[in-house]
Amino acid sequence: MREQSDPEHTYNLLARDAADQVERYVRLDGRTVVDIGGGGGYFTEEFRRRGAQSYLFEPDARELGKEPPKGTVVADGYLLPLQDAVADVAFSSNVLEHVDDPGTFLSEMVRVTRPGGLIYVSFTNWYSPWGGHEWAPWHYLGAERAKQRYQRRTGKPAKHTLGENLYAIHIGPTLRQVRARDDVQVVSARSRYWPFLASAVTKVPGLREFATWNLLLILRRCP
């Protein structure tokens, strides 16, 4: 709720929570972490505070802020300037809904992760109450109508446009796509923010498209 008014607080809190989630599966100290599409670098900085060698790859220089983490690279998540199998952890938070080819994006994350390494992917699905981002929840009444309402209410144009930098991505098709891959094992598929029944809600077709809010996938790179 405070993302627009207090982004510093919001993203620092989110970064700490995300690092805690990663450390349920692997210690960050001494690990190489690739943060793909991490914007202002909050996640990268938190991983570094926990002893990781973390590097930010962000395609939009405008998202980096005034002081991006040292070593930040402006690069597209579809084609990372990295060799194969260099990362212990490939990390992506709330990026997948902003790419028009999620399959290729995921394949690139898998490519740069070493066998046995961890792949962390979370995204806000379209039918989530937050699916329309800054113009949610009015996206339920149509994207264009929601955008126009946002502009009337705030006096400024919306940051996101459906089909340009925001895409309607869904839970069911994403789970089927990931489970069909032979290069990753699904370790966990759960709601990122739910404090209870986080895994159960993703198993109910239909309901999960609204109730998951944000899908967190923990994948393991197969040998």
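All figures in this text were calculated on a predicted structure; none of them were measured in a lab.
You'll find the side chain of L56 stays beyond 4.5 Å of the side chain of E45, heavy atoms only. Contact annotation: the side chain of V89 never approaches that of T113 to less than 4.5 Å [non-hydrogen atoms, C-beta and beyond]. In this structure the side chain of M109 reaches within 4.5 angstrom of the side chain of I36, judged on heavy atoms. Contact annotation: the side chain of T161 never approaches that of L166 to less than 4.5 Å [non-hydrogen atoms, C-beta and beyond]. Using a 4.5 Å cut-off on side-chain heavy atoms (C-beta onward), Y140 and F210 make contact. Between L219 and V187 there is no side-chain heavy-atom pair separated by less than 4.5 Å. Using a 4.5 Å cut-off on side-chain heavy atoms (C-beta onward), S188 and R24 make no contact. V34 has its side chain within reach of F57: a pair of non-hydrogen atoms, C-beta onward, lies under 4.5 Å apart.
Taking the six-membered ring wherever Trp is involved, the centroid distance between the rings of H170 and Y127 falls below 6.0 Å. Within the 6.0 Å centre-distance limit, the rings of F196 and W194 are counted as a close aromatic pair. With ring centers used as reference points, H160 lies 6.0 Å or more from H139. Taking the centre of each ring, Y25 and Y120 stay at or above the 6.0 Å mark.
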F123/T174 under side-chain contact (heavy atoms from CB on, under 4.5 Å): CA gap, chis, key distance, verdict: CA-CA 10 Å; F123 67 89; T174 302; 3.8 Å; yes

Checking R181 against S107 for the side-chain contact (heavy atoms from CB on, under 4.5 Å) test, could you report, in this order, the C-alpha distance in whole Å, the side-chain angles of both residues, the deciding distance, and whether it holds? CA-CA 10 Å; R181 300 182 67 111; S107 291; 3.1 Å; yes

Can K156 and Y150 be said to form a side-chain contact (heavy atoms from CB on, under 4.5 Å), step by step? CA-CA 8 Å; K156 60 182 181 181; Y150 177 86; 3.3 Å; yes

Test side-chain contact (heavy atoms from CB on, under 4.5 Å) on V22 and F91; report intermediate values, then the result. CA-CA 9 Å; V22 171; F91 177 89; 4.2 Å; yes

Check the pair S93 / R192 against side-chain hydrogen bond (donor to acceptor under 3.5 Å, both in side chains), numbers first and verdict last. CA-CA 10 Å; S93 174; R192 182 176 183 178; 2.9 Å; yes

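Distance check, rounded to the nearest 0.5 Å: NZ of K70 to OG1 of T44 gives 14.5 Å. Atom-to-atom distance recorded for R152:CZ and K147:NZ is 12.5 Å, nearest 0.5 angstrom. We find the CD-CG distance between E58 and D76 to be 10.0 Å, quoted to the nearest 0.5 Å. Atom-to-atom distance recorded for N12:CG and F43:CZ is 10.0 Å, nearest 0.5 angstrom. In this structure, I171 CD1 and R176 CZ are separated by 11.0 Å, a value rounded to the nearest 0.5 Å. The CD atom of E23 sits 4.0 Å away from the CG atom of L28 when rounded to the nearest 0.5 Å.
Both L215 and L106 are assigned to one and the same hydrophobic cluster, defined by single-linkage of ILVMFWY side chains at heavy-atom distances under 4.5 Å. One hydrophobic cluster, built from ILVMFWY side chains closer than 4.5 Å, holds both V112 and V99. The cluster map of Ile, Leu, Val, Met, Phe, Trp and Tyr, joined by side-chain heavy atoms under 4.5 Å apart, puts L216 and V110 in different clusters. Under the 4.5 Å side-chain contact rule for hydrophobic residues, L217 and W126 do not share a cluster. Hydrophobic cluster membership differs between W213 and L207, with clusters built from Ile, Leu, Val, Met, Phe, Trp and Tyr side chains linked at under 4.5 angstrom.
When only modelled atom types and interatomic distance are considered, N125 and N214 share no side-chain donor-acceptor pair under 3.5 Å.
Under 4.0 Å is where a charged nitrogen must lie from a carboxylate oxygen, and between R50 and E46 at least one such pair does. Using a 4.0 Å cut-off between charged side-chain N and carboxylate O, D35 and R48 make no salt bridge. Ionic pairing of R149 and E144 is not present here: no N-O contact between side-chain nitrogen and carboxylate oxygen is shorter than 4.0 angstrom. Using a 4.0 Å cut-off between a side-chain N of Lys or Arg and a carboxylate O of Asp or Glu, D88 and R114 qualify as a salt bridge.
Other residues, nucleotides and ligands contribute at most 12 non-hydrogen atoms within 6.0 Å of the CZ atom of R27. At most 12 non-hydrogen atoms from other residues, nucleotides or ligands lie less than 6.0 angstrom from CZ of R62.
Closest non-hydrogen pair, A52 versus V33, comes out as CB-CG2, 3.9 Å. Across all non-hydrogen atoms, the minimal contact from R111 to L80 is NH2-O, 3.2 Å. Across every non-hydrogen atom of A189 and L175, the tightest pair is CB-CD2, 3.8 Å. Residues V186 and R179 approach most closely at CG2-CG, 4.0 Å, considering heavy atoms. Considering all non-hydrogen atoms of both residues, D101 and Y78 come closest at N-OH, 3.1 Å. When every heavy atom of P115 is checked against every heavy atom of P223, the shortest pair comes out as CB-CA, 3.8 Å.
At least one donor-acceptor pair under 3.5 Å links the side chain of S191 to the backbone N or O of T212. Counting only distance, with no hydrogens or angles, the side chain of R220 and the backbone of G116 share a donor-acceptor pair below 3.5 Å. Side-chain atoms of R190 do not come within 3.5 Å of backbone N or O of S199 as any donor-acceptor pair. Put simply, the side chain of E209 gets close to the backbone of G172: a donor and an acceptor are under 3.5 Å apart. Looking at Y167, its side chain does come within 3.5 Å of a backbone N or O of E164 through a donor-acceptor pair. No donor-acceptor distance shorter than 3.5 angstrom exists from the side chain of T32 to the backbone of A87, with no hydrogens or angles considered. A distance-only check finds no donor-acceptor pair linking the side chain of Q185 to the backbone of R221 [under 3.5 Å]. Judged purely by atom type and a 3.5 angstrom limit, E108 has no side-chain atom pairing as donor or acceptor with the backbone of G77.
Taking the six-membered ring where the residue is Trp, H133 and H98 present perpendicular rings, their angle passing 60° and hence far from 30°.
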